[in-house]
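Note sheet for the following structure.
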Number of protein chains: 2
Amino acid sequence: MPRTALTRDEVLDAAADLVKQHGPDALTMRKLAAELGTAVTSIYWHVGNRESLLDALVERTVQEMGAIRPRGRTPADRIVSVARRLRRELRARPHLIAMVHERGLTERMFLPAQRALVHEVHAAGLRGARAADAVRAVQFQIVGFVLIERNRERAPVQSPGEQELWGGHTAGDPAEEDVALARALARPADPEKLFALSVEALVKSLLADRG
Amino acid sequence: MPRTALTRDEVLDAAADLVKQHGPDALTMRKLAAELGTAVTSIYWHVGNRESLLDALVERTVQEMGAIRPRGRTPADRIVSVARRLRRELRARPHLIAMVHERGLTERMFLPAQRALVHEVHAAGLRGARAADAVRAVQFQIVGFVLIERNRERAPVQSPGEQELWGGHTAGDPAEEDVALARALARPADPEKLFALSVEALVKSLLADRG
DNA sequence: ACCTGAACACCGTTCAAGT
DNA sequence: ACCTGAACACCGTTCAAGT
């Protein structure tokens, strides 16, 4: 006996749950069917196939990302605030970052943010191709950083890691004379701080470099 | 009748070929066995299972990356040269970037480059934690950029893309008054140029910001 | 229009058995 | 020490058949 009518949205919701909890690999057509209490093949009627189901999931959350409101007084501050907000949003959806990335939709997801960046860069006095370059440089830096950061979190222990490399004595290295440097590299990086530092440095340089 | 003794290296070579040509998804234990002219199960004896086979492949190419020799007169130039070289090396192994990234080994792959960066940053006069931050900022920027760039290449056509967004009229946008900016954003980005520009801007800012 | 089970062609992996 | 085929438990997808 058939259950209450299955809808496309119901399928997407259940699929999103599976992905959020255990990652995209855990999203199996058969498991999904079991979760929904239907035959595997019913899902195909609603979403086509697994590939387009994942497409729909990604599409959905790209929409959810919404617009970004910059905060701060100077354009530089406001750009940094956009960067921070973007990083936070992305980090809240780790599996989806990966999926969006794998599907090559990172660009599209960043269009709202790009608009905000354009506004701020313009306000800072940059014009034309130089402004476009600045926007893209910042955009690439943010996305790239988050991608790496996610990667780091997933594989926290590596060997030989920075700890082993910079913890010991390495002859002929500048670190040999610079104990503080060696110690800093032996410590795990503080992503929050490194992110702010990087974005600020890049923005400062890009905005100053006009004329 | 069994063929000439199968070796672990033989298995790895054949596997690497499959991955290089058609990506990791194309690496199937059964296809690999067919390629080698053995039973599927023989492969298991030599490499354990598919997972550790991929591990071995990644490990192998991480080794192949080797050391980086900086070029140029000033530390800034030499850092930029390291960045360029790294980007080239990574772009030559697109499928492997993805695999290394997915396995969280990006860090380890970059340790030789990190050494070179430490040397240059030190030569530029940075010390201690500040030097460590600079090294990591540059390192993150390079890796992040290459990850995004690879992503762009794989999905060249997106809709709505930057073209559609910035090609038309968008009321209330700074781009409305700045035709050159809108036109620049409607054009596809030149990754080569954008990369050089970003790294130079970041390095300049990081090296200047001492004291 | 929506759902079903059977069937097909794939997977990775295990295992007892061979030499 | 190395290789084998059979078997198991999974996949995604198609299709003819139901209501």
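So you know, we letter chains A, B, ... as the sequences are listed, proteins then strands, and number each from 1. The structure presented is a predicted model; accordingly, all values stated were derived computationally and were not measured.
The Ala39(A) side chain lies nearest to dG5(C) when the options are dG12(D), dT13(C), dG5(C). Nearest to the side-chain atoms of Thr41(A) among the listed nucleotides dG5(D), dG5(C), dA1(D) stands dG5(C).
For the segment residues 13-25 of chain B, the set of residues with a heavy atom within less than 4.0 Å of an atom of DNA chain D is empty.
Nucleic acid contact for Ser42(B): base, since at least one base atom lies under 4.0 Å from a heavy atom of the residue.
For Asp77(B), the side-chain hydrogen bond (donor to acceptor under 3.5 Å, both in side chains) criterion is met by Thr74(B), not counting sequence neighbours.
Annotation: cation-pi geometry not satisfied between Arg84(B) and Phe195(B) (NZ/CZ under 6.0 angstrom from ring centroid, within 45° of ring axis).
For the OP1/OP2 pair of dC3(D) and a distance below 4.0 Å, the side-chain nitrogens and oxygens of Thr38(B) include no atom meeting the criterion. Here His46(A) reaches the OP1 or OP2 of dC3(C): one of its side-chain N or O atoms lies under 4.0 Å away.
Rounding to whole angstrom units, OH of residue Tyr44(A) and P of dC15(D) are separated by 13 Å. Protein atom CH2 of Trp45(B) is 4 Å distant from nucleotide atom P of dC2(D), rounded to whole Å. Put simply, CD1 on Ile43(B) is 12 Å from P on dC11(C), counting in whole angstrom units. Atom NZ of Lys31(B) and atom P of dA9(C) are 16 Å apart (whole Å). In this structure, Glu51(B) places its CD atom 17 Å from P of dC11(C), rounding to the nearest Å. Per the geometry, CZ belonging to Arg30(A) stands 11 Å off C1' belonging to dC10(C), to the nearest Å. Residue Met29(A) contributes atom CE, which lies 19 Å from atom P of dC11(C) at whole-angstrom precision. Look at CG on Asn49(B): it is 12 Å from C1' on dT14(C), rounded to the nearest Å.
Crowding of Arg50(A) atom CZ: a count of heavy atoms from other residues, nucleotides or ligands under 6.0 Å exceeding 12.
For the strand DNA chain D, secondary-structure stems (runs of at least three Watson-Crick or G-U pairs, all distances below 3.5 Å) span C:4-8 with D:12-16, C:12-16 with D:4-8.
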